[in-house]
Amino acid sequence: MTRGSVLSAIARRLAHPLLLLGVLCTAVATLRFHWVPDKVSPLVLIAVIGYLALLERVIPYRTDWHPSRRELRWYSVYFVLSMIGGGLAQGLVTALVELLGPARPALPFALEIPLALLLGSLGDYVVHRWSHRNRWLWRLHGVHHVPDKVNVANNGVNHFLDVLFAQSVVQLLLALIGFSANSVFVVGIFVMAQGYFVHANIDVRIGFLGHVLAGPELHRLHHSTDLAEAGHYASDLSLWDHVFGSFTWRPGRTPQTVGLADPAAFPTTDEFGATLLHPWRRMKTTEQSV
């Protein structure tokens with residue numbers, strides 16, 4: 001075995017544990033040293049994207065899924081809009097919680113993290129699956145499924161209203177239940193890291209753990225053009241796919257192609273103006289993901 005293959009094998013084995021360790025250390029340090037979560041979260045996002053982008057070059061799943069320079073330019077535009085959508089969602093949730101939320105956390109902090117993770121993941125699963133089933137929501141969410149490759153860079157290819165809707169619902173759910181800002185922060189950076197991890201073009205297999213935590217092998221099936229295998233709506237806790245019957249992965253199962261089953265149903269990613277207006281255009285097809 002060559003030195004390069006040994007290093008690749010080590011990178012495959014450590015890629016996910018190191019990511020989770022980084023999230024854990026960041027969460028502990030933020031709470032211990034009273035760092036400002038709103039300033040820490042963007043730094044974590046940048047670090048996660050950089051880490052996974054490096055791994056895409058070291059242990060790529062498919063080299064033809066690397067983004068071209070032209071694709072990167074468009075992906076960057078969508079990423080900025082997604083960040084705006086997320087920021088608007090955060091502002092909306094903060095305003096609503098001030099009006100409707102409990103004055104203090106309703107649960108001991110030791111219980112908050114696992115419960116917030118379970119409920120937040122469930123909320124995200126329900127919203128995501130609904131976005132595939134509801135005709136109008138699919139016209140927003142389907143923008144994310146237009147690219148015919150899956151990588152870190154195009155994880156941010158979304159309609160900003162899709163991001164606004166999904167994040168507002170999940171964050172508001174957690175806040176109104178009574179979870180503290182600290183627990184929402186911890187869960188938030190974990191979910192963000194997992195979301196980019198599952199979307200990475202990296203040759204990583206997490207084995208049996210995939211029945212609890214989502215991984216790239218599972219999420220690629222979600223992007224499959226074969227709707228019979230395109231389940232896996234959870235990007236963090238895959239156990240919800242088991243509970244609701246959308247777990248389709250088995251060892252060795254990979255999608256032949258990814259993207260839209262009907263590419264003509266949506267504008268291409270570089271048709272930016274048409275993409276933004278697409279939800280209000282006349283429906284050309286009713287085909288959706290499962």
Side-chain angles (χ1 to χ4, degrees), residues 8 11-12 14-27 29-30 35-90 124 128 141 143-160 162-164 166-167 170-171 185-204 206 213-220 222-223 234-236 258 269 272:
S8 294
R12 291 186 181 95
L14 295 181
H16 195 221
L18 287 178
L19 179 66
L20 297 181
L21 179 62
V23 169
L24 176 62
C25 291
T26 301
T30 300
W35 295 341
V36 180
D38 288 345
K39 294 183 178 180
V40 173
S41 294
L43 297 177
V44 174
L45 174 60
I46 294 170
V48 167
I49 292 175
Y51 171 67
L52 293 173
L54 175 62
L55 288 178
E56 286 189 332
R57 298 294 170 173
V58 176
I59 48 172
Y61 171 68
R62 287 180 54 168
T63 57
D64 60 328
W65 278 6
H66 289 323
S68 66
R69 290 184 179 180
R70 186 171 185 274
E71 287 172 332
L72 278 175
R73 288 196 294 268
W74 282 113
Y75 294 167
S76 298
V77 173
Y78 284 92
F79 176 79
V80 170
L81 278 185
S82 293
M83 293 302 98
I84 292 174
L88 290 174
Q90 185 62 57
D124 182 71
H128 191 184
H141 181 67
V143 170
H144 180 66
H145 287 263
V146 170
D148 59 358
K149 56 183 70 173
V150 179
N151 53 48
V152 167
N154 64 24
N155 189 40
V157 174
N158 304 285
H159 197 290
F160 78 97
D162 182 38
V163 178
L164 174 62
Q167 292 194 12
V170 175
Q171 292 181 28
F185 162 74
V186 173
V187 171
I189 61 172
F190 167 77
V191 169
M192 179 271 294
Q194 271 290 120
Y196 274 90
F197 170 69
V198 302
H199 215 273
N201 176 30
I202 54 178
D203 186 18
V204 169
I206 61 176
L213 292 176
E217 280 187 293
L218 278 61
H219 193 70
R220 289 183 196 115
H222 176 68
H223 282 263
S235 59
D236 36 54
V258 298
T269 300
F272 184 66

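Residues: numbered from 1 along the sequence shown.
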Exercise for the section: Quick one: list whatever passes ring-ring contact (aromatic ring centres under 6.0 Å, His included) with Y61, sequence neighbours left out. Expected result: W65

Exercise for the section: Could you please spell out the steps behind the side-chain contact (heavy atoms from CB on, under 4.5 Å) verdict for V157 and W74? Expected result: CA-CA 9 Å; V157 174; W74 282 113; over 6 Å; no

Exercise for the section: Could you tell me which non-hydrogen atom of S82 sits nearest to which non-hydrogen atom of V163, and how far apart they are? Expected result: O-CG1, 3.5 Å

Practice task
Evaluate the ring planes of H222 and H128, with Trp represented by its six-membered ring, and classify them as parallel (under 30°), tilted (30 to 60°) or perpendicular (over 60°).
Solution key: perpendicular

Practice task
To the nearest 0.5 Å, tell me how far E56 CD sits from H66 NE2.
Solution key: 7.0 Å

Fill in the blank from the handout: Looking only at heavy atoms, the pair that brings I59 and S8 closest together is CG2-O, 3.6 Å

Practice task
List in chain and number order the residues that pass salt bridge (Lys or Arg N to Asp or Glu O under 4.0 Å) with E71, two or more places apart in sequence or in another chain; answer none if no residue qualifies.
Solution key: K149

Completion exercise
Rounded to the nearest 0.5 Å, the CD1 atom of I202 sits from the CG atom of N151 at a distance of 11.5 Å

Practice task
Decide yes or no for F79 and I49: does some side-chain heavy atom of the first lie under 4.5 Å from some side-chain heavy atom of the second?
Solution key: yes

Problem - Side-chain donor or acceptor of N201 paired with backbone N/O of R62 under 3.5 Å - result: yes

Problem - Interatomic spacing from OG1 in T269 to CG in D148 - rounded to 0.5 Å - result: 8.5 Å

Problem - Flag, side chain of D162 to backbone of F160, donor-acceptor distance under 3.5 Å - result: no

Handout entry: Contacts of L21 that satisfy side-chain contact (heavy atoms from CB on, under 4.5 Å) - sequence neighbours left out
Key = C25

Exercise for the section: Would you confirm whether T30, through its side chain, and P37, through its main-chain N or O, come within 3.5 Å as a donor-acceptor pair? Expected result: no

Exercise for the section: Enter the distance from H159:NE2 to L81:CG here, rounded to the nearest 0.5 Å. Expected result: 9.0 Å

Completion exercise
Closest non-hydrogen atoms of L20 and Q194, given as atom of the first, atom of the second and distance, are CD2-OE1, 4.0 Å

Exercise for the section: Just do the side-chain contact (heavy atoms from CB on, under 4.5 Å) check on I206 and F197 with the steps written out, would you? Expected result: CA-CA 12 Å; I206 61 176; F197 170 69; 4.2 Å; yes

Practice task
Go through the steps to decide whether L18 and Y51 satisfy the test side-chain contact (heavy atoms from CB on, under 4.5 Å), and finish with yes or no.
Solution key: CA-CA 10 Å; L18 287 178; Y51 171 67; 3.6 Å; yes

Handout entry: Inter-residue atom distance L88.CG - Q167.CD, 0.5 Å rounding
Key = 10.5 Å

Exercise for the section: Determine yes or no for a side-chain-to-main-chain donor-acceptor pair under 3.5 angstrom, with N155 supplying the side chain and V152 the backbone. Expected result: no

Problem - Closest non-hydrogen atom pair, D236 against D124 - result: OD2-OD2, 4.3 Å

Problem - Where V58 and A11 come nearest, the two heavy atoms and their spacing - result: CG1-CB, 4.4 Å

Fill in the blank from the handout: In this structure, OG1 of T26 is separated from CZ of F185 (nearest 0.5 Å) by 7.0 Å

Practice task
Anything under 30° is parallel, anything over 60° is perpendicular, the rest tilted; go ahead and classify H144 against H141.
Solution key: tilted

Problem - Minimum-distance pair of heavy atoms, taken over all atoms of N154 and P147 - result: ND2-CB, 3.7 Å

